[in-house]
Amino acid sequence: MRKTIFLTFFWLVVASMFFFGVQNDNGKAGSTGSPGEDNCTDCHGGTAVNSAGGSISITSPDMVNWEYTPGQTYTINVTIAESGISLFGFGFEALLASGANAGTLNAGTGSTIKTAMIGGNNRRNVVHQQDSGTGNGSHTWTFSWQAPATDQGDVTFYCSGNAANGNGTTSGDHIYTFSQVVNAAIPNGVAQG
């Protein structure tokens, strides 16, 4: 009797872990295409990365020349576009050359924060929430990034996006990747050595 109860409980736990893992359509941390990571092709596939005629871009309306001022908070926009597509997803992170997080990411509407342990670093990612990426040929997510409190040198933004074909599976989707180096701003009147 005890064995039957144990086995029933065990299989219920396994089934729930599988069900909730499969049903979670939020983005996945650790899939931005940065060093040591996959991109969205670890779950989705269809064509070679960056080859299906769409695009991914990162913009920041309040960052000049891709330079950050330590401690300042910036608006970040990630746009995925492909003609004829109406569902999109993404993952984004900001990293130092060491692979550690650079500054602090804060989710916006339609996105959430997830983490993944990569190469000994607990990387913080902004990822899409389930069904937040609907649009007619493109979708843009807006969130914020607070730069490191002190000059940490170059920071690289990594982003991977999915233009989903809407067939209800992970096959036939188009994956795009992009990265952007952001430099620490040089204060006026300070000479470089």
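Keep in mind that what you see is a predicted model, and the values were worked out from it rather than measured.
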Participant: Indicate whether any N or O donor in one side chain lies under 3.5 Å from an N or O acceptor in the other, for Y158 and Q180.
Facilitator: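 Judged by distance alone, the side chains do not pair up.
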Participant: Which value, rounded to the nearest 0.5 Å, describes the distance between F178 atom CZ and S57 atom OG?
Facilitator: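 Reported to 0.5 Å precision, the distance equals 7.0 Å.
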Participant: Between CG of N122 and CZ of R124, what distance do you get to the nearest 0.5 Å?
Facilitator: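 The CZ atom of R124 is 9.5 Å from CG of N122, to the nearest 0.5 Å.
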Participant: Tell me if a side-chain donor or acceptor on D151 pairs with a main-chain N or O of G153 at a distance below 3.5 Å.
Facilitator: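 Answer holds: yes.
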Participant: Among the clusters formed by ILVMFWY side chains lying less than 4.5 Å apart, do I56 and F143 turn up in the same one?
Facilitator: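 Yes, I56 connects to F143 through the hydrophobic network.
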Participant: Have T142 and N77 got a donor and an acceptor in their side chains that come within less than 3.5 Å?
Facilitator: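 Per modelled atom types, T142 and N77 side chains form a pair under 3.5 Å.
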Participant: Side chain to side chain contact (heavy atoms under 4.5 Å, CB included) with L87: which of D173, T134, N162?
Facilitator: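 Going through D173, T134, N162 one by one, the side chain to side chain contact (heavy atoms under 4.5 Å, CB included) with L87 is satisfied by T134 alone.
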Participant: Under the side chain to side chain donor-acceptor pair (under 3.5 Å) rule, what do Q146 and S144 come out as? Steps first, then yes or no, please.
Facilitator: CA-CA 7 Å; Q146 183 177 11; S144 67; over 6 Å; no
Participant: If we ignore hydrogens and angles and just use 3.5 Å, is the side chain of R123 paired with the main-chain N or O of A94 as donor and acceptor?
Facilitator: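 Absent.
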Participant: Please determine whether side chain to side chain donor-acceptor pair (under 3.5 Å) holds for the pair S34 and E93, giving the CA-CA distance in whole Å, both sets of side-chain angles, and the decisive distance to 0.1 Å.
Facilitator: CA-CA 8 Å; S34 67; E93 66 189 356; 2.5 Å; yes
Participant: Any side-chain heavy atom of Y176 sitting closer than 4.5 Å to one from S55?
Facilitator: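 They are not in contact (no side-chain heavy atoms under 4.5 Å apart), so the answer is no.
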Participant: With heavy-atom distances below 4.5 Å as the criterion, would you say the side chains of F90 and T140 are in contact?
Facilitator: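 The answer is no, as the side chains (C-beta and beyond) never meet within the 4.5 Å cut-off.
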Participant: Within the 4.5 Å heavy-atom criterion, are V182 and T156 side-chain neighbours or not?
Facilitator: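 Answer no - side chains too far apart.
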Participant: What verdict does the side chain to side chain contact (heavy atoms under 4.5 Å, CB included) test give for V181 and V155, after you've listed the backbone C-alpha separation in whole Å, the side-chain angles of each residue and the deciding distance to 0.1 Å?
Facilitator: CA-CA 6 Å; V181 175; V155 169; over 6 Å; no
Participant: Take I113 and L105 through the test side chain to side chain contact (heavy atoms under 4.5 Å, CB included) and record every step on the way to the result.
Facilitator: CA-CA 8 Å; I113 300 292; L105 292 167; 4.2 Å; yes
Participant: Given the rule in the side chain to side chain contact (heavy atoms under 4.5 Å, CB included) test, do T79 and W141 qualify, once you have shown the distances and angles that lead to the verdict?
Facilitator: CA-CA 7 Å; T79 301; W141 287 269; over 6 Å; no
Participant: Does H174 reach the main-chain N or O of A163 with its side chain, forming a donor-acceptor pair under 3.5 Å?
Facilitator: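 Not confirmed, H174 side chain does not pair with A163 backbone.
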Participant: Within the distance-only criterion (no hydrogens, no angle test), does the side chain of Q129 pair as donor or acceptor with the backbone N or O of T112 below 3.5 angstrom?
Facilitator: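 Flag not set: sc Q129 to bb T112 has no pair under 3.5 Å.
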Participant: Measuring from atom OG of S138 to atom CD1 of I85, what distance do you get when rounded to the nearest 0.5 angstrom?
Facilitator: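 So the gap between those two atoms works out to 11.5 Å.
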Participant: Under a single-linkage definition using a 4.5 Å side-chain heavy-atom cutoff for Ile, Leu, Val, Met, Phe, Trp and Tyr, are I76 and F88 assigned to the same hydrophobic cluster?
Facilitator: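 Yes.
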Participant: Hey, are the side chains of I80 and E82 touching, using non-hydrogen atoms and a 4.5 Å cut-off?
Facilitator: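 With C-beta onward as the side chain, the pair stays apart.
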Participant: When clusters are formed by joining ILVMFWY residues with side-chain heavy atoms under 4.5 Å apart, either directly or through shared neighbours, do L96 and Y68 land in the same one?
Facilitator: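 L96 and Y68: one cluster.
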Participant: Would you tell me whether Q130 and S132 have side-chain atoms, one donor and one acceptor, within less than 3.5 Å of each other?
Facilitator: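 Distance-only check fails for Q130 and S132.
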Participant: Return the set of residues passing ring-ring contact (aromatic ring centres under 6.0 Å, His included) with F157 (not counting sequence neighbours), or none when no residue passes.
Facilitator: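 ring-ring contact (aromatic ring centres under 6.0 Å, His included) list for F157, sorted by chain: F92, W145.
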Participant: Output yes when a side-chain donor or acceptor of N136 lies under 3.5 Å from a complementary backbone atom of S86, and no otherwise.
Facilitator: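 Not a single qualifying donor-acceptor pair exists.
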Participant: What heavy-atom pair brings P70 and A149 nearest, and what distance separates the two atoms?
Facilitator: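 Looking at all heavy atoms of both residues, the shortest contact is CB-O, 3.3 Å.
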Participant: Are D62 and S60 linked by a side-chain donor-acceptor pair shorter than 3.5 Å?
Facilitator: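 There is such a pair (donor and acceptor under 3.5 Å, judged by atom type) between the side chains of D62 and S60.
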Participant: Return yes if some donor-acceptor pair links the side-chain N/O of Y74 with the main-chain N/O of T69 below 3.5 Å, else return no.
Facilitator: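 Yes, because the side chain of Y74 sits within donor-acceptor range (under 3.5 Å) of the backbone of T69.
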